[in-house]
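Here the structure comes first, spelled out in structure tokens, and everything after it is commentary.
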Amino acid sequence: MRTRWRAGLAAAAVAFALAGCSAAENGASSTADSAGSGPVPAAPQQGSGKSGAEKVTPPQAGATDRKLSRSARLELTATKVTDVVAQARGIAQGAGGYTGQESTGDESATLSLAVPADKLDGVLDQLSHLGTALVKRELNTQDVTEQVVDVEARLATQRASVERIRALLARATSVSEIASVESELTSREATLESLEQQRNSLAGSVAMATVAMTVRSVAAPPPPGEDHSGFFGGLAGGWHAFLVFGGGLLTVLGAIAPFLLFLAPLGWLAWWLHRRRRVVPAPEPGEG
């Protein structure tokens, strides 16, 4: 009887010990999990009465990678329009660009230039110094980031849609199924090509900037006036006046010279006749 009681007591002790170990393991495990997954308390900042770390918002992805479409417009005046147009072509080609539409005449010219977007500012500075004067300079910048992202997303969706239709076409068996699936595939492929063209157009407007130029002809400015002050200035002015007077006198003489050729003989004849009448014959000696 006593032996049975001792055996039961030993069994109860063993069960209690196992239960305690199990509870300890569970508690340690839950503590470790909470320590590993829970937030780590921030160290208190020195010099302030508050503890905890400030919440810093990281920059959004692609916030600095903006897609910008740039364009400019210039209006110039020049004495020789064709020379300015040729120089503008050379500047664009030197920057890695090219000339688009162009219309050149004697009085005015319009042309469109395409240059790399990262070189637009330098090209504008060079073009602005052409000709005689800069009349107008405009610069436009358009953010097309959202359009690019939207087109790329639609492209991915449309490509997946086209692939699904192609898979259906491969599994089609009857003629009616094949015709129906091919019609749908043609429609979706056309939409896909349109989206690809939109993407290429946006990429081109971002990579290359356009410059619309207008050049108008103006008369050449008069030469700067000379300084006539001082002794040499007075001497030059007097000499100029003498030349003007001499030139005027020669002009008058040249104008009356034909009349002198006709009037000179008549005048000499009149003078001779008048002199002959005034001559009195001398008296003969011995008369009276």
Side-chain angles (χ1 to χ4, degrees), residues 33 36-37 55-75 85-86 88-105 108-124 127 138-215:
D33 293 340
S37 60
K55 185 178 180 181
V56 179
T57 303
Q60 297 180 357
T64 58
D65 187 17
R66 309 301 297 177
K67 304 298 182 182
L68 303 178
S69 176
R70 307 181 69 192
S71 61
R73 180 180 296 275
L74 291 177
E75 185 174 346
V85 171
R89 287 199 216 99
I91 292 174
Q93 294 175 358
Y98 55 89
T99 305
Q101 297 181 352
E102 178 181 337
S103 176
T104 304
S108 64
T110 57
L111 67 158
S112 177
L113 305 175
V115 297
D118 56 346
K119 298 181 180 180
L120 176 61
D121 295 331
V123 170
L124 287 179
L127 294 176
E138 296 180 357
L139 179 62
N140 300 318
T141 302
Q142 182 180 4
D143 191 346
V144 295
T145 306
E146 295 182 359
Q147 300 180 31
V148 172
V149 172
D150 179 66
V151 170
E152 290 292 345
R154 293 169 61 190
L155 269 173
T157 302
Q158 194 66 22
R159 289 194 186 100
S161 177
V162 169
E163 292 300 326
R164 288 194 300 268
I165 297 299
R166 287 175 179 172
L168 290 175
L169 181 61
R171 294 195 300 268
T173 56
S174 64
V175 176
S176 60
E177 290 179 353
I178 294 174
S180 176
V181 174
E182 283 184 345
S183 176
E184 185 65 21
L185 179 61
T186 301
S187 175
R188 299 195 182 191
E189 286 179 341
T191 304
L192 179 61
E193 291 178 359
S194 176
L195 290 173
E196 289 177 345
Q197 291 178 0
Q198 293 181 30
R199 181 196 59 184
N200 295 337
S201 177
L202 288 172
S205 65
V206 171
M208 302 294 288
T210 58
V211 181
M213 282 190 62
T214 302
V215 185

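In this text, all values refer to a predicted model and were calculated from it rather than measured experimentally.
For the atom pair OG (Ser180) and CG (Leu169), the distance works out to 10.5 Å, reported to the nearest 0.5 Å. Between the NZ atom of Lys119 and the CD1 atom of Ile91 there is a distance of 13.5 Å, given to the nearest 0.5 Å. Between atom OG1 of residue Thr141 and atom CZ of residue Arg66 there is a gap of 13.0 Å, rounded to the nearest 0.5 Å. Atom CG of Leu192 and atom CG of Leu185 lie 10.0 Å apart (nearest 0.5 Å). Annotation: the span from Arg73 atom CZ to Leu124 atom CG amounts to 12.5 Å, rounded to 0.5 Å. Rounded to the nearest 0.5 Å, atoms CG (Leu139) and OG (Ser71) are 7.5 Å apart.
For the pair Glu102/Ser112, no side-chain contact is recorded, criterion being any heavy-atom separation below 4.5 Å from C-beta on. With a 4.5 Å cut-off on side-chain heavy atoms, Ile165 and Val181 count as touching. Proximity of Glu177 to Ser174: side-chain heavy atoms (C-beta onward) are separated by under 4.5 Å at one or more points.
Between the side chain of Gln158 and the main chain of Arg188, a donor-acceptor pair closer than 3.5 Å is present. Judged purely by atom type and a 3.5 angstrom limit, Thr157 has no side-chain atom pairing as donor or acceptor with the backbone of Arg154. Side-chain atoms of Thr191 come within 3.5 Å of backbone atoms of Ser187 as a donor-acceptor pair (strictly under, hydrogens ignored). Remark: side-chain polar atoms of Glu152 are not paired, donor with acceptor, to backbone N or O of Val148 under 3.5 angstrom. Distance alone, capped at 3.5 Å, is enough to place a donor-acceptor pair between the Thr145 side chain and the Lys67 backbone.
The two residues Leu120 and Ala209 have their closest heavy-atom pair at CD2-CB, 3.8 Å. The shortest heavy-atom contact between Met213 and Ala88 is SD-CB, 3.8 Å. For Leu195 against Val151, the heavy-atom pair with the smallest separation is O-CG1, 3.6 Å.
For Glu138, the CD atom is densely surrounded, since the number of other residues' heavy atoms within 6.0 Å is greater than 12. When the shell of 6.0 Å around CZ of Arg166 is examined, it contains more than 12 heavy atoms from other residues, nucleotides or ligands.
A salt bridge links Arg70 to Asp121: at least one charged side-chain nitrogen sits closer than 4.0 Å to a carboxylate oxygen. A salt bridge is absent between Glu196 and Arg199: the closest approach of a Lys/Arg side-chain nitrogen to an acidic carboxylate oxygen does not fall below 4.0 angstrom.
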Can you list the steps and then say if Leu68 with Val144 is a side chain to side chain contact (heavy atoms under 4.5 Å, CB included)?
CA-CA 6 Å; Leu68 303 178; Val144 295; over 6 Å; no

Go through the steps for Val211 and Leu127 under the test side chain to side chain contact (heavy atoms under 4.5 Å, CB included), then give the verdict.
CA-CA 10 Å; Val211 181; Leu127 294 176; 4.1 Å; yes

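For Glu184 and Thr186, the side-chain atoms include no donor-acceptor pair closer than 3.5 Å. For Arg89 and Thr99, the side-chain atoms include no donor-acceptor pair closer than 3.5 Å.
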